[in-house]
Protein chains: 2
Amino acid sequence: MRDDTERTPGPGRARRADAERTVRAILAAAERVLSQEPGATMERIAAEAGVARTTVHRRFATREDLVSSLTVLAAQQLEAAVLAGRPESAPPLVALHEVTANVLRIKRTWSFAMGVHSEHPEVMRVHTDTRARCVALFRRARDAGAVRSDVDPDWASRVYYGLIQAAAEDLAEEPTPAELDAAAARVVDTLFTGVGAGGGTPHRSG
Amino acid sequence: MRDDTERTPGPGRARRADAERTVRAILAAAERVLSQEPGATMERIAAEAGVARTTVHRRFATREDLVSSLTVLAAQQLEAAVLAGRPESAPPLVALHEVTANVLRIKRTWSFAMGVHSEHPEVMRVHTDTRARCVALFRRARDAGAVRSDVDPDWASRVYYGLIQAAAEDLAEEPTPAELDAAAARVVDTLFTGVGAGGGTPHRSG
DNA sequence: GTTAGTTGCTACACGAATGTAGCAACTTCG
DNA sequence: CGAAGTTGCTACATTCGTGTAGCAACTAAC
């Protein structure tokens with residue numbers, strides 16, 4: 001456990017409701033360790049979580065269980081981040097900015113879990129739903145005249161994913177809200193206007 | 001070996017110059033297998049290559065050796081693909097299109113190897129050089145007036161990488177030259193003009 | 001035909017990681 | 001205080017992957 005304010009009193013120490021706390025600690029530790037070393041052992045993860053390896057096995061019978069739970073948790077976080085941006089009700093560009101900032105934070109926090117191609121039904125559902133919400137958002141943006149009519153919303157979504165990936169790479173480990181906003185703004189700006197100077201289509205009125 | 005025109009006559013068959021052929025077959029098989037299952041065993045790779053596991057170990061002492069060789073091979077292919085686009089002499093937009101098409105093909109063929117964060121000096125050199133070439137290309141494009149002057153070439157490179165990633169995802173396994181050209185054109189177009197409707201940036205009106 | 005080079009196959013050694021079991025210690029709750 | 005719940009620790013079994021060695025068979029070159 002990184003948080004040293006949580007002291008471990010010695011062998012056999014336990015408070016009645018520690019189970020859930022331990023589970024969360026293990027999941028967080030697994031994310032930290034696996035994001036840097038995807039093949040890390042249970043031993044390594046347990047050490048990072050500050051618990052014994054046997055305790056990890058008590059909560060997650062197999063390694064597969066652990067990774068699976070991790071992907072589910074990340075997926076839920078992702079869904080919450082997306083929904084918090086009100087992609088279906090807020091003005092498209094506002095929603096896009098909010099969603100982007102939220103997702104960048106989550107993606108930074110759960111980079112390993114979000115990169116695993118999980119077969120878990122809950123994870124697949126979230127990915128499908130999120131994808132659909134993303135496409136719908138771009139459709140709304142197009143209907144509102146903000147997106148070129150000849151752009152396929154599906155392609156726009158792919159590009160959007162790619163830009164988020166690019167932006168997530170040069171984010172700090174624990175980005176401030178301001179940094180997240182700046183990154184999100186850059187993503188949205190690039191997504192909409194590109195990097196070109198205009199040529200045939202002048203974008204920036206200036 | 002997938003190519004069944006290469007018949008395996010039975011135990012102990014060998015032609016004098018089979019060594020290099022075997023090496024290439026193993027590397028290609030490793031790419032195919034590992035791209036779908038990064039943790040696949042040597043046994044699995046050997047089977048895909050159509051050779052015995054011991055033969056793999058004869059050519060690559062350790063698993064690390066194999067993966068390392070694979071990343072080097074992919075890096076060399078990547079460098080060749082980039083250079084073939086004449087990024088330093090051709091007109092920036094022409095070069096960008098050519099490089100994109102070439103890289104998309106390579107990235108499709110060596111997706112696993114290109115995703116490994118190798119510490120091999122040759123791989124690191126290629127990545128550094130390629131990165132520099134990419135940034136230089138965008139600088140040239142900016143000087144030529146094709147890229148907005150307020151866009152950081154480094155950010156442009158990141159975006160470019162992200163777009164290539166996005167485009168590579170919905171490419172066929174063995175894309176035709178026409179498909180590659182279309183994908184490259186879409187990447188370059190999106191990179192330069194974005195997906196936004198022309199005539200102003202709605203979210204940043206001034 | 002002889003020789004050199006390559007491969008398949010079997011067998012083995014070794015280590016690492018996984019998963020399980022039992023027990024003692026400790027904390028919280030009633 | 002007693003009961004329940006949780007954990008650390010040790011020990012163990014088992015499996016899996018890796019890497020090595022030796023031998024027979026086969027092919028191409030000489």
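Sequence lines set the chain letters: A, B, ... in the order given, protein chains first and strands last, and positions in each chain run from 1. Because the structure is predicted, anything quoted here is derived from the model rather than measured.
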OG1 of B:Thr109 to CG of B:Leu104: how many Å apart, nearest 0.5 Å?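 Those atoms lie 10.5 Å apart.
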Gap separating the CG atom of A:Leu66 from the CG atom of A:Leu27, nearest 0.5 angstrom: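 It comes to 6.0 Å.
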Provide, to the nearest angstrom, the distance between the [atom1] atom belonging to [X] and the [atom2] atom belonging to [N].
| X | N | atom1 | atom2 | result |
| --- | --- | --- | --- | --- |
| B:Leu66 | D:dT18 | CG | P | 10 Å |
| A:Arg44 | C:dA17 | CZ | C1' | 15 Å |
| B:Ile26 | C:dT6 | CD1 | C1' | 12 Å |
| B:Met42 | C:dG15 | CE | P | 19 Å |
| A:His57 | D:dG8 | NE2 | C1' | 15 Å |
| B:Arg63 | C:dA16 | CZ | C1' | 14 Å |
| B:Glu43 | C:dC9 | CD | P | 10 Å |
| A:Arg21 | C:dT28 | CZ | C1' | 13 Å |

salt_bridge(A:Arg158, B:Glu169) N-O dist < 4.0 Å: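 B:Glu169 and A:Arg158: salt-bridged.
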Taking N or O atoms only and anything under 3.5 Å, show me the protein contacts with nucleotides 11-15 of chain D, one pair per line.
none

Would you say the side chains of B:Arg59 and B:Ser69 form a donor-acceptor pair under 3.5 Å?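 Distance-only check fails for B:Arg59 and B:Ser69.
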Presence of A:Thr55 side-chain N/O under 4.0 Å of D:dT6 phosphate oxygens OP1/OP2: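 It does not, given that no N or O in the side chain of A:Thr55 lies less than 4.0 Å from OP1 or OP2 of D:dT6.
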Apply side chain to side chain donor-acceptor pair (under 3.5 Å) to A:Thr193 and B:Arg148, showing your working. CA-CA 10 Å; A:Thr193 70; B:Arg148 265 158 50 188; 2.7 Å; yes
For A:Arg59, report the nucleic acid contact type (base, sugar-phosphate, nothing); a contact means any heavy atom under 4.0 Å.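 Sugar-phosphate contact only - A:Arg59 comes under 4.0 Å of backbone atoms but never of a base.
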Among residues at least two apart in sequence or on other chains, which ones pass side-chain contact (heavy atoms from CB on, under 4.5 Å) with A:Ala52?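 Testing A:Ala52 for side-chain contact (heavy atoms from CB on, under 4.5 Å), a comparison that skips the adjacent residues, returns A:Thr54, A:Thr55.
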Nearest-nucleotide comparison on DNA chain C, the residue closer to the 5′ end among A:Arg58 and A:Thr41: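 On the 5' side of the pair lies A:Thr41.
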Does A:Arg125 CZ have over 12 foreign heavy atoms under 6.0 Å away?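 Yes - once you tally the heavy atoms of other residues, nucleotides and ligands closer than 6.0 Å, there are more than 12.
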